[in-house]
Colleague: 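Here it is, the structure in full.
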Amino acid sequence: MSRSRRLLRTCTPALERATGMRFVRDVHDGTIGDPEFARYLEFEAGFVDTAARLHGLAAWQAPHWRAVTRNAEALHGLTTEQTEYFTAARAAWPVAADVSEAARRAASVLSDYAVAVAEDGGYAAVTTVMFAAETLYLTWCTRTHRDGTPPAGPIADWVALHARDPFVSGVDALGAAVDELPADVPDGRLAAWFTGMLDAEITFHDAVYL
(Lines give C-alpha, C1' and ligand atoms only; values in the text may rest on other atoms or scores of the structure.)
Protein backbone atom coordinates (compact mmCIF):
# COMPACT_ATOMS: atom_id res chain seq x y z
CA MET A 1 0.00 0.00 0.00
CA SER A 2 1.33 3.45 -0.91
CA ARG A 3 2.06 5.95 1.82
CA SER A 4 -0.73 8.28 0.71
CA ARG A 5 -3.22 5.39 0.75
CA ARG A 6 -2.06 4.37 4.21
CA LEU A 7 -2.47 7.96 5.38
CA LEU A 8 -6.01 8.14 3.99
CA ARG A 9 -6.92 4.87 5.71
CA THR A 10 -5.55 6.08 9.04
CA CYS A 11 -7.39 9.39 8.75
CA THR A 12 -10.72 8.00 7.49
CA PRO A 13 -12.64 8.93 10.69
CA ALA A 14 -11.41 12.53 10.48
CA LEU A 15 -12.30 12.73 6.78
CA GLU A 16 -15.77 11.33 7.42
CA ARG A 17 -16.28 13.87 10.20
CA ALA A 18 -15.25 16.71 7.90
CA THR A 19 -17.41 15.60 4.96
CA GLY A 20 -20.38 15.49 7.34
CA MET A 21 -20.11 19.12 8.43
CA ARG A 22 -23.12 21.42 8.10
CA PHE A 23 -21.75 23.48 5.19
CA VAL A 24 -21.25 20.36 3.08
CA ARG A 25 -24.75 19.10 3.88
CA ASP A 26 -26.32 22.46 3.05
CA VAL A 27 -24.54 22.78 -0.30
CA HIS A 28 -25.35 19.16 -1.17
CA ASP A 29 -29.04 19.66 -0.38
CA GLY A 30 -29.29 23.13 -1.93
CA THR A 31 -30.29 24.73 1.37
CA ILE A 32 -27.27 27.01 1.87
CA GLY A 33 -28.43 30.59 2.46
CA ASP A 34 -27.29 33.65 0.53
CA PRO A 35 -25.73 35.36 3.60
CA GLU A 36 -23.85 32.19 4.54
CA PHE A 37 -22.44 31.66 1.07
CA ALA A 38 -21.48 35.33 0.87
CA ARG A 39 -19.38 34.82 3.99
CA TYR A 40 -17.95 31.63 2.52
CA LEU A 41 -16.84 33.49 -0.61
CA GLU A 42 -15.10 36.04 1.59
CA PHE A 43 -13.35 33.43 3.72
CA GLU A 44 -12.43 31.00 0.95
CA ALA A 45 -10.93 33.73 -1.23
CA GLY A 46 -8.66 34.51 1.71
CA PHE A 47 -7.60 30.90 2.08
CA VAL A 48 -6.85 30.65 -1.64
CA ASP A 49 -4.30 33.40 -1.03
CA THR A 50 -2.76 31.33 1.78
CA ALA A 51 -2.76 28.15 -0.29
CA ALA A 52 -1.01 29.91 -3.17
CA ARG A 53 1.74 31.11 -0.85
CA LEU A 54 2.10 27.63 0.65
CA HIS A 55 2.58 26.11 -2.79
CA GLY A 56 5.18 28.78 -3.49
CA LEU A 57 7.07 27.75 -0.36
CA ALA A 58 6.80 24.10 -1.33
CA ALA A 59 8.15 24.86 -4.81
CA TRP A 60 11.16 26.58 -3.24
CA GLN A 61 11.84 23.65 -0.91
CA ALA A 62 10.94 20.90 -3.39
CA PRO A 63 13.37 17.96 -3.53
CA HIS A 64 13.42 17.66 -7.35
CA TRP A 65 12.22 19.41 -10.48
CA ARG A 66 9.00 17.43 -10.90
CA ALA A 67 8.01 18.46 -7.38
CA VAL A 68 8.72 22.08 -8.34
CA THR A 69 6.46 21.82 -11.38
CA ARG A 70 3.68 20.08 -9.43
CA ASN A 71 3.53 22.98 -7.00
CA ALA A 72 3.82 25.50 -9.82
CA GLU A 73 0.82 23.90 -11.53
CA ALA A 74 -1.20 24.09 -8.30
CA LEU A 75 -0.16 27.70 -7.80
CA HIS A 76 -1.19 28.51 -11.37
CA GLY A 77 -4.65 27.05 -10.82
CA LEU A 78 -5.14 29.06 -7.65
CA THR A 79 -4.03 32.33 -9.20
CA THR A 80 -5.99 31.91 -12.44
CA GLU A 81 -9.13 29.75 -12.49
CA GLN A 82 -9.92 29.99 -8.79
CA THR A 83 -9.09 33.69 -8.49
CA GLU A 84 -11.24 34.42 -11.53
CA TYR A 85 -14.07 32.42 -9.98
CA PHE A 86 -14.02 34.49 -6.79
CA THR A 87 -13.89 37.78 -8.66
CA ALA A 88 -16.95 36.86 -10.71
CA ALA A 89 -18.90 35.14 -7.93
CA ARG A 90 -18.46 37.91 -5.39
CA ALA A 91 -19.47 40.54 -7.95
CA ALA A 92 -22.59 38.60 -8.93
CA TRP A 93 -23.70 37.43 -5.47
CA PRO A 94 -26.99 39.06 -4.41
CA VAL A 95 -25.90 40.03 -0.88
CA ALA A 96 -22.67 41.40 0.54
CA ALA A 97 -20.72 39.45 3.14
CA ASP A 98 -21.75 40.57 6.63
CA VAL A 99 -18.94 39.16 8.77
CA SER A 100 -18.86 39.30 12.56
CA GLU A 101 -15.58 39.46 14.43
CA ALA A 102 -16.27 36.00 15.89
CA ALA A 103 -16.77 34.58 12.40
CA ARG A 104 -13.59 36.19 11.10
CA ARG A 105 -11.58 34.79 14.02
CA ALA A 106 -13.00 31.31 13.48
CA ALA A 107 -12.33 31.40 9.74
CA SER A 108 -8.72 32.47 10.34
CA VAL A 109 -8.03 29.17 12.11
CA LEU A 110 -7.50 27.39 8.79
CA SER A 111 -4.79 29.70 7.45
CA ASP A 112 -3.22 30.05 10.88
CA TYR A 113 -2.94 26.28 11.25
CA ALA A 114 -1.58 25.70 7.75
CA VAL A 115 1.04 28.45 8.07
CA ALA A 116 2.14 27.28 11.52
CA VAL A 117 2.56 23.72 10.29
CA ALA A 118 4.45 24.91 7.20
CA GLU A 119 6.84 26.92 9.37
CA ASP A 120 7.45 23.83 11.50
CA GLY A 121 7.58 21.07 8.87
CA GLY A 122 8.42 22.79 5.58
CA TYR A 123 7.82 20.97 2.32
CA ALA A 124 6.54 17.75 3.93
CA ALA A 125 4.03 19.66 6.04
CA VAL A 126 2.75 21.78 3.15
CA THR A 127 2.35 18.68 1.01
CA THR A 128 0.41 16.88 3.73
CA VAL A 129 -1.95 19.67 4.75
CA MET A 130 -2.75 20.54 1.14
CA PHE A 131 -3.37 16.85 0.44
CA ALA A 132 -5.82 16.89 3.36
CA ALA A 133 -7.62 20.03 2.20
CA GLU A 134 -7.85 18.99 -1.42
CA THR A 135 -8.90 15.42 -0.61
CA LEU A 136 -11.72 16.86 1.49
CA TYR A 137 -12.92 19.01 -1.41
CA LEU A 138 -12.54 16.26 -3.99
CA THR A 139 -14.59 13.91 -1.79
CA TRP A 140 -17.51 16.13 -0.93
CA CYS A 141 -17.71 17.98 -4.24
CA THR A 142 -17.63 14.76 -6.26
CA ARG A 143 -20.50 13.38 -4.19
CA THR A 144 -22.46 16.62 -4.41
CA HIS A 145 -21.88 16.98 -8.14
CA ARG A 146 -23.06 13.39 -8.67
CA ASP A 147 -25.91 13.06 -6.19
CA GLY A 148 -26.72 16.48 -4.76
CA THR A 149 -28.83 19.49 -5.72
CA PRO A 150 -26.51 22.49 -5.25
CA PRO A 151 -28.09 25.80 -6.33
CA ALA A 152 -27.40 26.69 -9.95
CA GLY A 153 -24.90 29.44 -10.60
CA PRO A 154 -21.78 30.16 -8.54
CA ILE A 155 -22.43 27.41 -5.99
CA ALA A 156 -22.90 24.63 -8.53
CA ASP A 157 -19.97 26.04 -10.52
CA TRP A 158 -17.73 25.85 -7.45
CA VAL A 159 -18.74 22.25 -6.80
CA ALA A 160 -18.13 21.30 -10.43
CA LEU A 161 -14.69 22.92 -10.44
CA HIS A 162 -13.62 20.51 -7.68
CA ALA A 163 -15.07 17.42 -9.37
CA ARG A 164 -13.11 17.59 -12.65
CA ASP A 165 -9.64 18.18 -14.00
CA PRO A 166 -7.35 19.93 -13.43
CA PHE A 167 -8.40 19.75 -9.77
CA VAL A 168 -8.70 15.95 -9.72
CA SER A 169 -5.26 15.55 -11.28
CA GLY A 170 -3.89 18.00 -8.74
CA VAL A 171 -5.10 15.84 -5.86
CA ASP A 172 -3.48 12.83 -7.49
CA ALA A 173 -0.24 14.81 -7.75
CA LEU A 174 -0.39 15.66 -4.04
CA GLY A 175 -0.87 11.97 -3.25
CA ALA A 176 2.20 11.14 -5.35
CA ALA A 177 4.13 13.79 -3.45
CA VAL A 178 3.12 12.24 -0.12
CA ASP A 179 4.35 8.88 -1.42
CA GLU A 180 7.78 10.42 -2.01
CA LEU A 181 8.21 11.99 1.43
CA PRO A 182 11.30 10.68 3.22
CA ALA A 183 10.97 7.96 5.83
CA ASP A 184 12.50 10.22 8.49
CA VAL A 185 9.16 12.06 8.56
CA PRO A 186 7.14 9.45 10.49
CA ASP A 187 3.65 8.35 9.54
CA GLY A 188 2.32 9.58 12.87
CA ARG A 189 3.46 13.10 12.08
CA LEU A 190 1.79 13.01 8.67
CA ALA A 191 -1.45 11.81 10.28
CA ALA A 192 -1.32 14.57 12.89
CA TRP A 193 -0.88 17.22 10.19
CA PHE A 194 -3.62 15.68 8.04
CA THR A 195 -6.23 15.40 10.81
CA GLY A 196 -5.29 18.79 12.22
CA MET A 197 -5.97 20.36 8.84
CA LEU A 198 -9.36 18.65 8.59
CA ASP A 199 -10.30 19.87 12.07
CA ALA A 200 -9.31 23.39 11.04
CA GLU A 201 -11.42 23.02 7.89
CA ILE A 202 -14.47 22.24 10.04
CA THR A 203 -13.92 25.34 12.18
CA PHE A 204 -13.42 27.42 9.04
CA HIS A 205 -16.63 26.24 7.36
CA ASP A 206 -18.67 26.48 10.56
CA ALA A 207 -17.67 30.17 10.69
CA VAL A 208 -20.08 31.00 7.86
CA TYR A 209 -22.94 30.42 10.34
CA LEU A 210 -21.64 32.78 13.03
Side-chain angles (χ1 to χ4, degrees), residues 1-19 21 43-79 82-83 104-141 162 166-207:
M1 181 181 292
S2 69
R3 196 169 194 195
S4 60
R5 280 310 211 179
R6 191 163 65 246
L7 177 62
L8 290 172
R9 186 175 66 176
T10 299
C11 299
T12 293
L15 185 59
E16 290 178 347
R17 186 168 65 251
T19 57
M21 61 187 166
F43 298 154
E44 187 67 15
F47 183 70
V48 164
D49 178 277
T50 298
R53 294 170 189 273
L54 291 173
H55 279 295
L57 174 65
W60 178 253
Q61 296 185 353
H64 51 75
W65 183 246
R66 180 60 190 131
V68 172
T69 61
R70 281 195 301 241
N71 282 283
E73 288 162 2
L75 178 56
H76 180 264
L78 291 165
T79 57
Q82 293 209 20
T83 297
R104 198 171 298 280
R105 283 197 305 271
S108 71
V109 166
L110 184 60
S111 286
D112 290 348
Y113 177 79
V115 170
V117 165
E119 290 174 344
D120 176 55
Y123 173 85
V126 172
T127 299
T128 305
V129 298
M130 292 310 301
F131 184 49
E134 306 297 51
T135 296
L136 170 61
Y137 264 71
L138 176 63
T139 303
W140 80 260
C141 287
H162 293 89
F167 184 79
V168 174
S169 296
V171 179
D172 290 341
L174 283 164
V178 169
D179 293 339
E180 295 173 356
L181 293 177
D184 61 0
V185 184
D187 286 354
R189 197 174 192 201
L190 299 188
W193 287 334
F194 193 101
T195 56
M197 188 66 172
L198 293 178
D199 288 342
E201 289 275 12
I202 294 171
T203 302
F204 170 89
H205 287 86
D206 285 350

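This structure is a prediction, so every number in the text was calculated from the model and none was measured. All heavy atoms count here, side chains included; hydrogens, waters and symmetry mates do not.
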Colleague: Checking Leu57 now: which residues fulfil side chain to side chain contact (heavy atoms under 4.5 Å, CB included) with it, not counting sequence neighbours?
Modeller: Gln61, Ala118, Val126
Colleague: Partners of His205 by ring pair (Phe, Tyr, Trp, His ring centres under 6.0 Å), sequence neighbours excluded?
Modeller: Phe23, Tyr40, Tyr137
Colleague: Identify the two heavy atoms, one from Ala124 and one from Val185, that lie closest to each other, and give their separation to 0.1 Å.
Modeller: CB-CG2, 4.3 Å
Colleague: Over all heavy atoms of both residues, which pair between Ala58 and Asn71 is shortest? Give the atoms and the distance, please.
Modeller: CB-OD1, 3.3 Å
Colleague: How far apart are the closest heavy atoms of Ala200 and Tyr113, and which atoms are they?
Modeller: CB-CB, 4.1 Å
Colleague: What residues form a side chain to side chain contact (heavy atoms under 4.5 Å, CB included) with Thr203, not counting sequence neighbours?
Modeller: Ala106, Val109
Colleague: Is there a side-chain contact between Thr83 and Leu78 (heavy atoms, below 4.5 Å)?
Modeller: no
Colleague: Using a 4.5 Å cut-off on heavy atoms from C-beta on, say whether the side chain of His162 contacts that of Gln82.
Modeller: yes
Colleague: Partners of Thr50 by side chain to side chain contact (heavy atoms under 4.5 Å, CB included), sequence neighbours excluded?
Modeller: Phe47, Leu54, Ser111, Val115
Colleague: Give every residue pair that meets the salt bridge (Lys or Arg N to Asp or Glu O under 4.0 Å) criterion with at least one member in residues 48-66, sequence neighbours excluded.
Modeller: Asp49-Arg53, Arg66-Glu73
Colleague: List in chain and number order the residues that pass side chain to side chain contact (heavy atoms under 4.5 Å, CB included) with Arg104, two or more places apart in sequence or in another chain; answer none if no residue qualifies.
Modeller: Glu42, Val99
Colleague: Could I get the full list of side-chain hydrogen bond (donor to acceptor under 3.5 Å, both in side chains) partners for Thr79, not counting sequence neighbours?
Modeller: none
Colleague: Check Met21 against Ala18 and note the closest heavy-atom contact, atom names and distance.
Modeller: CG-O, 3.0 Å
Colleague: Would you list the pairs meeting side chain to side chain donor-acceptor pair (under 3.5 Å) in which at least one residue belongs to residues 114-132, sequence neighbours left out?
Modeller: Asp120-Arg189
Colleague: From Thr19 OG1 over to Ile202 CD1, what is the distance, rounded to the nearest 0.5 angstrom?
Modeller: 8.5 Å
Colleague: Could you note down all residue pairs passing ring pair (Phe, Tyr, Trp, His ring centres under 6.0 Å) where residues 171-198 supplies at least one of them, sequence neighbours left out?
Modeller: Phe131-Phe194
Colleague: Please check this pair: side chain of Thr135 against backbone of Ala132, looking for a donor-acceptor N/O pair closer than 3.5 Å.
Modeller: no
Colleague: Show me the side-chain donor-acceptor pairs of residues 174-181 shorter than 3.5 Å, one per line, residues at least two apart or across chains.
Modeller:
unit_1 : atom_1 : unit_2 : atom_2 : d
Asp179 : OD1    : Arg3   : N      : 3.3
Asp179 : OD1    : Ser4   : N      : 2.8
Asp179 : OD1    : Ser4   : OG     : 2.9
Glu180 : OE1    : His64  : NE2    : 2.9
Glu180 : OE1    : Arg70  : NH2    : 2.9

Colleague: How many angstroms lie between atom CE of Met197 and atom OG1 of Thr195, to the nearest 0.5 angstrom?
Modeller: 12.0 Å
Colleague: Using the test side-chain hydrogen bond (donor to acceptor under 3.5 Å, both in side chains), find all partners of Arg6 that sit at least two apart in sequence or belong to another chain.
Modeller: Asp187
